[in-house]
Amino acid sequence: MELHLNRVDYIQVGVTSQKTMKLLPALGKKATQKVAIADHDGILTCFGMKKGEAVPVFKTLPGQKIARMDLGGAVGTPQEKIFVCSGSQVRGFTKKGKQFLTFEANLTETINAMHVSGADLFVCASYIYNHYCDCKDQDYYLSGDKINDIMCLSSENLTRLVPVLACQDRVLRVLQGSELAYEIEVPGPPSVLELFNKDGGNDFFTGEEILYGTTDGKIGLVQIGERSAATKWEIDNDKKKGGILCIDTYDIIGDGVNDILVGRDDGTVEVYGFDSSSEPTLRFDHILSESVTSIQGGCVGKESYDEVLTATYTGWVTGLTTEPQKAEAGPGDEVRMSKETQSKVEALRAELEQLQVKVLQGREQYQQTSQSSTAVSAVPVFSINDKFTLCQDDASYSLTLEVQTAIDNLLLQSDVPIDLLDVDKNSAVVSFSECDSEQPNGNFLLATYRCQANTTRLELKVRSIEGQYGTLQAYITPRLQPKTCQVRQYQIKPLSLHQRTHSIDQDRPMNRLSLVGQFSFAEIHSWVVFCLPEVPEKTPAGESITFYFHNTFLGTQLEANYCKGEGHFRSDNISTISILSDVLSKEATKRKINLNISYDINDDSVSHTLKMIHPKLEYQLLLARKVQLIDALKELQVHEGNADFLIPEYRNILDESANLLEEYKKQPAHLERLYGMITDLFIDKFKFKGQNVKTKVSSLLEILDNYELNSLLDFFNEA
Amino acid sequence: MSERYLLGTMLVPIFTLKLNHKINPRMVTIGKFDGVHPCLTAATQAGKVFIHNPHARGQRPVAHRLSQSTQDSDISLLNINQAVTCLTAGKLGSDTTGDTLLVGSQTNLLAYDVHDNTDIFYREVTDGANAIVLGKLGDIASPLAIIGGNCALQGFDYEGNDHFWTVTGDNVRSLVLCDFTGDGKNELLVGSEDFDIRVFKEDELVSEMTENETVTSLCHMHGSRFGYALANGTVGVYDRTARYWRIKSKNHAMSIHAFDLNADGVVELITGWSNGKIDARSDRTGEVIFKDNLSSSVAGVVEGDYRLDGQKQLICTSIEGEVRGYLPASKDLKGNLMDSSAEQDLIRELSQRRQNLLLELRNYEENAKGVSETNSGMGVIPANTQLQTALSVRPATEAQKAHVELSISTPNETIIRAVLIFAEGIFEGESHVVHPSAQNLSGCVRVPIVPPKDIPVDLHIKAFVGGKTSTQFHVFEITRQLPRFSMYDINFDSSAAPPTGRVTFNINDRPQRVVMWLNQNFLLPEGVESPDVTFNSLRGGGLLSISMASNGQITLRTDDIDLAGDLVQSLASFLAIEDLSAEADFPGYFEELRTTLTEVDEFHSVHQKLTAAMADHSNYIRNMLVQAEDARLMGDMTTMKKRYRELYDLNRDLINEYKIRSNNHNALLACLKSVNQAIQRAGRLRVGKPKNQVISACRDAIKSNNVNSLFRIMKAGTASS
């Protein structure tokens, strides 16, 4: 069944956070529903649509930024009480806008996730989970990594409320009271949780189901049991769409089965439906130009027409409705706007004019202050939604920046060598400026992006080199008077291409680096945070900790195990050990801590790593060779009129040429990166033997040019 | 760019073809070779041109250059045996039934009758043919095929006689004919690698527009309006010398074409981009009214009645051989194609504007409220902070080469976090950034600028001003103009050798006017009061001295003939002089030119010798091949092997010889280019009629191989003296 949805914009509020828009329950069957949305200005707006116009039900006064919203109500009654959290405070409103609850959670940190269920309130600040019942403290839990979202399962099948936390370290933590019941490993850092089906699963016997979405764009369904969980399905992110920000379930297709509605941080809205099998399939997608922060299924614009309602980062509430679009202007006619639209446009224009006058006054006053010698100019900080993440597929970082108003230009500056890659989606004109890294300014990259009009979101890709670390800075200037720019900093860590993983292969030949010295647990933890991405900043609870990582480019692994006074790092990649040893000793020296460093180098590990690189390298070399031949072969084909005279291998290249070129384009400089890592491996291997082999690098490159695994292995062994 | 009135869903391609042939970028045309059926014609790989004729399927003669493609029966292939550099089709002869196909390469121009399968003419063109245009030029009676090569323009009629020849400043990349002056006759517009668009009224240069990159495409819109595209992704529209609009994309514009897609009676600028995108933009505003995507880079955009139903279609081709045709929107729509999603977009745009105004208002309100001193990240600065900028000339020192220094400073304790300068044509990209490290932050930033050419440039400066620990900064936007001749220092070294080159001319104007010109066009902090000045050229060109006698005679002394030309042109346009003759002598440059001319002769003779040698070799190969095959048939494998080994050696020799020949050819081209440039330079020392006289007289001198006369003309301005 094909699904057609048409876009309708309703209103725009301030900047919104994730999950801050909900649909209130409908009063009667088929009636339109009211929308509640909360923004960073602290305003909670509730409105309904009447004849195409947004009619406010109520609107609260501005205040502190609202981070989350949830609906609640007594068990068995319509869930129509609105709860919002801002700072460490939770407030409750009736559907008429009357505030009936103000609850101070007394947390030192701000609440960033919340769930309401009957008289139970669950809130999470970065690492802390708190459960209140009737505003009284019940349970408390300290998580090992940041908590991104919380959801509670409650149904007759479970004996109790089961809170599930989505934690940054790629696990869902299922709690029992103040204790961790068990952990569920998921394929990426989970960013959002949602109940699958509003009543919490329909499978009566086997338990409860919960949907999760990850920051790297994957979606999955897990079934939560009392003691363990089972994954029902997972949707990968092959097309490299954005991370998931919100999920809802609603039967928009109208086939009697709830569909999954998904909103992503690159503006994609998706609807997944279910065929006879219980695997989800993509039925509809639509691109909005900015992050989709909330998504709901329901009926808003017009009675008896279902729709997918979205809220975006800049506060647009947009519906994708099943209502057919009005007929287009008839032939020969002047443009006919519907009366509703016309009056809407007129009202807007009138409002614009008034605003223009006010703004002119404001500008004048602002200009006048420049005459005064005591006045200061302080422009309020504008909000930026940014994300800097490592993409597993191509081992590069993606930086996305989103501002509530159009971006004028962006300056990127880096004090470490990095490559800036072109992103197709990005229409901004990039210009690289000369930078003398020799000079005291130490710039390795200076690039400006001049954006096309109406660009509120920018996506960039950056490739780093392990061992080279520093800071990438982005200066963002929006098109807003008085002009200001804001700087954001992103750390390029020494082992920048490593990613957290749940476990490692213990059978590989490993090298070990051990540190012993007078350092505290917090100190060594801070060094690990400095070296590796995805490690929580907070020092872990307990005496010692073990983290596992894998190298997204080469597939090698690292185990970090440390406690007070002692640290052990094991990796099959000798370069990883070398980088760690350099950085850790430097960090320790900075703090004047004496380190006793010992190595346990396994020579087999080098051949092992080379053998791991081998298939990648061979594939790339073959690809490069084939791509090189394409043009010449095509020319021969044209010259001879056909390709029948060619050997099958060449004919095959011609047949596959489009795919080959695409594949080649996808992995720019892949070979060079592999060569670089093999060279590092070579230098590092002999560094641990106390030999400097930099002079032999040229012979190594020669061998790589005529690559053959055995000759490379021999060279590594003999040199 | 707002895309509010997108034709969007309304316009879908009416036909899509996959031609199994690659298409070379910018080498696509449509010709009615039999006078009736339009055929898409394009250059493809292996030195071939394909002609797509789906209208007359069936037998067509296969002979001479033409052969049938085995991959597609509608396609005939034309063998050029040389890399094609440009092609076009159109009516060249007055009494021919069909269009003539013209194909240019680096060395030849072929005029071909596709219908009769015969060569019309085949001319050697030493300056190459980078671009071609066909049509009537000025008062010349017959239509011409005009090719643009290395600094030269040449026009051939149907017989292959060249009726038109002139030189231009650099390698020609694009040509178009249009009535620029509005006199009812066509002028020739020439886009070249020195970033200029030049307008020729026959061989007289009437206008010059300077852009900031190589001009890769030109197309006539209507009246005196024309579109252009640059190598850096810019497209835009000019009306005469005034630029209407331009936009820049990170992609490259491969082809531009004028076509009325929305049927409102006015053509739009259709651009085909390197990422496969096609867009149609309003000729007045540049607003996008339609866009579509091909799966690979666009190769060319043309128009023709490909369905033979009396309606022209816009035809877009990609380098992979994809072809799409679009019909203009139906007349009923009258270009008003607002559908309900456009309504949504209008409302969205208005709301966005409202949001922006609200945000701005909030900025002022919050600012008026004042802030707590604790929030240091906000970058609070005194309201009276104003940036001071200054430009000055800095001669070379041991640490730094000579440059123009732009200094930007704040008057108080605030610091400048970074400076962005956007300017065209003086940096590698479009911007230059200065970002001091955290330890070196101060209230003053000095930016060295080295403009590579003598052009006036607007510097759009953005400075981020705040406190040392701020995370938000105020952005100060200032525009400063860098004068045309900024790399000349008034403080010169009097011991330096005086320049030997000079140009002398007379003007009827007061010295004060010349002083005004000096002050406007040079970077003179204190200004000058007399027209007699001497500068030190910071680009290493030695001294430049300007003097004016009481009788209005001006003498410019410099060894740089280009600089002299620039100065003459700049001064003449400042003083509004229409015709200016001059006497000149540049001994150093002329000596170089004399050497070049002898080299040209040498290269020519080498070329001839090599061609003869090649002919010998090919005979030899033929014999050898026959012998080898004979031996094979006779079963004499030893002889066969021997012969083939000899052939192999010969082949290697041929390749080597080919390398020598192509090196020789490239060297010859370089020399010819510098000869053409010399003529252009000699012309630029004069203005108006005297300029054209010098150019045509120089050309005659070269044709008759009279080197002495050439130098006499360059010096005196005329041949007779």
Side-chain angles (χ1 to χ4, degrees), chain A residues 7 9 12 325-326 328 331-332 335 337 341 344-345 348-349 351-352 355-356 358-359 362 365-366 369-373 375-381 405 411 413 427 429-434 440-443 446 448 452-453 475 477 480-487 634-635 638-639 641-642, chain B residues 1-2 21-22 44-46 48 69-71 233 248-250 332 336 338-341 343-344 346-348 350-351 353-364 366-368 371 378 380-384 418 420 427-433 435-437 440 464 471-475 477:
Chain A
R7 197 184 94 187
D9 292 329
Q12 190 179 16
Q325 232 166 26
K326 282 156 227 135
E328 279 136 15
V335 185
M337 267 195 268
T341 326
K344 221 170 172 179
V345 167
L348 264 173
R349 284 197 201 277
E351 196 186 344
L352 273 178
L355 272 174
Q356 201 90 48
K358 270 195 193 163
V359 164
Q365 274 169 10
Y366 181 74
T369 60
S370 70
Q371 308 297 324
S372 142
S373 55
V376 293
S377 170
V379 180
V381 177
T405 174
L411 163 64
Q413 180 267 344
S427 65
V429 178
V430 61
S431 161
F432 292 91
S433 174
E434 230 179 290
N441 295 337
N443 296 315
L446 286 172
T448 56
Q452 310 284 357
Y475 293 82
T477 313
L480 186 64
Q481 293 295 333
K483 272 231 170 131
T484 53
C485 82
Q486 222 179 91
V487 59
K634 282 214 165 151
E635 191 158 338
V638 172
H639 204 83
N642 61 54
Chain B
M1 185 56 53
S2 159
H21 290 271
K22 289 204 166 200
T44 182
Q45 291 169 314
K48 287 180 200 293
S69 165
T70 48
Q71 288 164 323
K248 190 173 170 187
S249 161
K250 67 170 188 172
D332 305 333
N336 254 334
M338 209 159 131
D339 58 10
S340 58
S341 84
E343 283 178 16
Q344 287 288 337
L346 175 63
I347 290 176
R348 207 180 168 87
L350 291 175
S351 307
R353 260 165 58 196
R354 182 187 66 168
Q355 196 73 3
N356 267 6
L357 288 172
L358 283 172
L359 281 172
E360 187 176 343
L361 208 55
R362 191 184 66 128
N363 278 352
Y364 298 129
E366 295 286 318
N367 181 53
V371 275
M378 243 169 95
V380 179
I381 61 167
N384 60 359
L420 275 60
F427 306 127
E428 245 168 66
E430 58 174 22
S431 67
H432 181 75
V433 181
H435 184 276
S437 64
N440 294 327
F464 300 166
T471 53
Q472 180 155 318
F473 302 90
H474 282 72
V475 179
E477 295 181 301

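So that the names make sense, note that chain A is the first sequence line, chain B the second, and so on, each numbered from 1. What you see is a predicted model; the values in this text were computed from it and never measured.
Between the CD atom in A:Gln356 and the CG atom in B:Leu361 there is a gap of 11.0 Å [rounded to 0.5 Å]. Once rounded to the nearest 0.5 Å, the distance linking NZ of B:Lys22 with NZ of A:Lys634 reads 4.5 Å. Separation of atoms OG1 (A:Thr448) and CD (B:Glu430) is listed at 6.0 Å; rounding is to 0.5 Å.
No side-chain heavy atom of B:Val433 sits less than 4.5 Å from a side-chain heavy atom of A:Gln413. Two residues are said to be in side-chain contact when any heavy atoms from C-beta on lie closer than 4.5 Å; B:Glu360 and A:Leu480 meet this criterion. Contact annotation: the side chain of A:Arg349 approaches that of B:Leu350 to within less than 4.5 Å [non-hydrogen atoms, C-beta and beyond]. Considering only heavy atoms from C-beta on, B:Gln355 stays 4.5 Å or farther from A:Thr405 through its side chain. Under the 4.5 Å side-chain criterion, counting only non-hydrogen atoms from C-beta, B:Arg354 is in contact with A:Leu355.
Checked by atom type and distance alone, the side chain of B:Asn367 never pairs as donor or acceptor with a backbone atom of A:Tyr366 at under 3.5 Å. With hydrogens and angles ignored, the 3.5 Å screen pairs a side-chain donor or acceptor of B:Gln472 with a backbone N or O of A:Pro380. Between the side chain of A:Gln452 and the main chain of B:Lys248, a donor-acceptor pair closer than 3.5 Å is present.
Residues passing the side chain to side chain donor-acceptor pair (under 3.5 Å) test with B:Glu477 are A:Lys483, B:Lys462, sequence neighbours excluded. Listed by chain and number, the residues in a side chain to side chain donor-acceptor pair (under 3.5 Å) with A:Asp9 are A:Arg7, A:Thr318, B:Arg348 (sequence neighbours excluded).
Contacts of B:Ile381 with chain A are made by both backbone and side-chain atoms, with heavy-atom separations under 4.5 Å. Using a 4.5 Å cut-off between heavy atoms, B:Phe427 does not touch chain A at all. Contact of A:Thr369 with chain B is made through backbone and side chain together, with heavy-atom distances under 4.5 Å. Using a 4.5 Å cut-off between heavy atoms, A:Gln12 contacts chain B through both its backbone and its side chain.
Here B:Leu420 is the residue among B:Leu358, B:Leu420, B:Thr44 with the most heavy-atom pairs under 4.5 Å with chain A.
The two residues A:Val429 and B:Lys250 have their closest heavy-atom pair at CG2-N, 4.1 Å. The two residues B:Tyr364 and A:Val359 come nearest to each other via the heavy atoms CE1-O, 4.0 Å.
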Just do the side chain to side chain contact (heavy atoms under 4.5 Å, CB included) check on B:Phe464 and A:Leu411 with the steps written out, would you? CA-CA 11 Å; B:Phe464 300 166; A:Leu411 163 64; 4.0 Å; yes
